[in-house]
Amino acid sequence: MLGRNTRSQEPIILDMGDRDPTGINSYLKVDFMDLIAEPEGFQSHKNLHKCAFRTYNFTKNCCYFGLTLIFGGPLAFCFGCYFACIGFEYVWCVIPCVKAWLIRLECFGRIFAYCIKNFCDPCFYSIGKIFSRIHVKTETV
């Protein structure tokens, strides 16, 4: 299946084998052995264990397939619209407002910097001169 890479507009090819290449949902990898682990002394009959293993996998796969069949398309549509709205909001509203705010803050930042430079720097310079004349000698006894 082909799609478009939004950054470079090159066609991308979906890997149908590895559908989570970045490992976003790695915590969802729950197999039968992760849930039903029978230690020594607490083991059911081999055939019962095999039947439970098959039942778990069949039920999990059928339920997931059914849910994706029913809800996958509509949810993909909804998420596509949602992320398009977020993209629109950031491109046309958030970033321009942030830039405008930063431009306004630049003026206040310069005024604040001049105040610090004119009022605080002389005090700190004087205190630094006072403490620069202190000499500490250490002796070992």
Side-chain angles (χ1 to χ4, degrees), residues 1-46 48-141:
M1 300 196 77
L2 293 176
R4 289 259 177 221
N5 187 342
T6 57
R7 293 187 183 169
S8 64
Q9 294 300 321
E10 297 174 6
I12 58 172
I13 299 172
L14 293 177
D15 182 5
M16 298 309 285
D18 184 12
R19 296 188 189 185
D20 188 13
T22 58
I24 292 173
N25 295 314
S26 61
Y27 60 91
L28 286 176
K29 294 178 182 174
V30 180
D31 289 327
F32 180 77
M33 295 300 180
D34 296 329
L35 299 174
I36 309 297
E38 296 180 329
E40 289 286 327
F42 291 99
Q43 293 182 349
S44 61
H45 192 270
K46 290 179 184 180
L48 178 64
H49 193 71
K50 287 179 186 178
C51 181
F53 174 77
R54 289 183 185 138
T55 303
Y56 169 80
N57 284 323
F58 177 78
T59 305
K60 180 185 74 161
N61 292 336
C62 285
C63 185
Y64 182 76
F65 179 76
L67 289 170
T68 55
L69 188 65
I70 295 168
F71 297 109
L75 282 173
F77 176 80
C78 291
F79 284 130
C81 290
Y82 176 71
F83 285 109
C85 290
I86 288 175
F88 174 81
E89 178 185 2
Y90 268 77
V91 169
W92 290 97
C93 300
V94 173
I95 299 302
C97 289
V98 168
K99 291 288 186 181
W101 183 249
L102 290 174
I103 289 170
R104 289 184 184 198
L105 284 180
E106 180 70 26
C107 175
F108 294 117
R110 287 185 182 198
I111 292 171
F112 184 71
Y114 287 133
C115 289
I116 295 292
K117 185 176 180 182
N118 290 323
F119 297 115
C120 295
D121 282 358
C123 294
F124 294 143
Y125 180 76
S126 299
I127 292 170
K129 279 291 208 179
I130 291 170
F131 287 114
S132 68
R133 298 186 184 262
I134 295 175
H135 298 286
V136 178
K137 289 184 179 180
T138 58
E139 292 182 16
T140 55
V141 180

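FYI, the numbering just counts along the sequence from 1. Please read these numbers as outputs of a predicted model, since none were measured by experiment.
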Nearest 0.5 Å, please: how far is CD1 in I111 from CD in E106?
11.0 Å
Rounded to the nearest 0.5 Å, what separation is found between the CZ atom of F112 and the CG atom of L105?
12.5 Å
Using 0.5 Å steps for rounding, measure from the CD1 atom of I86 to the CZ atom of F79.
10.0 Å
Min side-chain heavy-atom separation I134-F131 under 4.5 Å:
yes
Taking atom NZ of K50 and atom NE2 of H45, what is their separation to the nearest 0.5 Å?
9.5 Å
Testing F65, F58, Y64 for side-chain contact (heavy atoms from CB on, under 4.5 Å) with C62, which one passes?
F58
Rounded to the nearest 0.5 Å, what separates atom CZ in F53 from atom CG in D31?
7.5 Å
Kindly give the heavy-atom pair with the smallest separation between V30 and K60, and that separation in Å.
O-NZ, 3.9 Å
Does F71 reach the side chain of L75, with side-chain heavy atoms less than 4.5 Å apart?
yes
Got a second to check how far R110's CZ is from C115's SG, nearest 0.5 Å?
14.5 Å
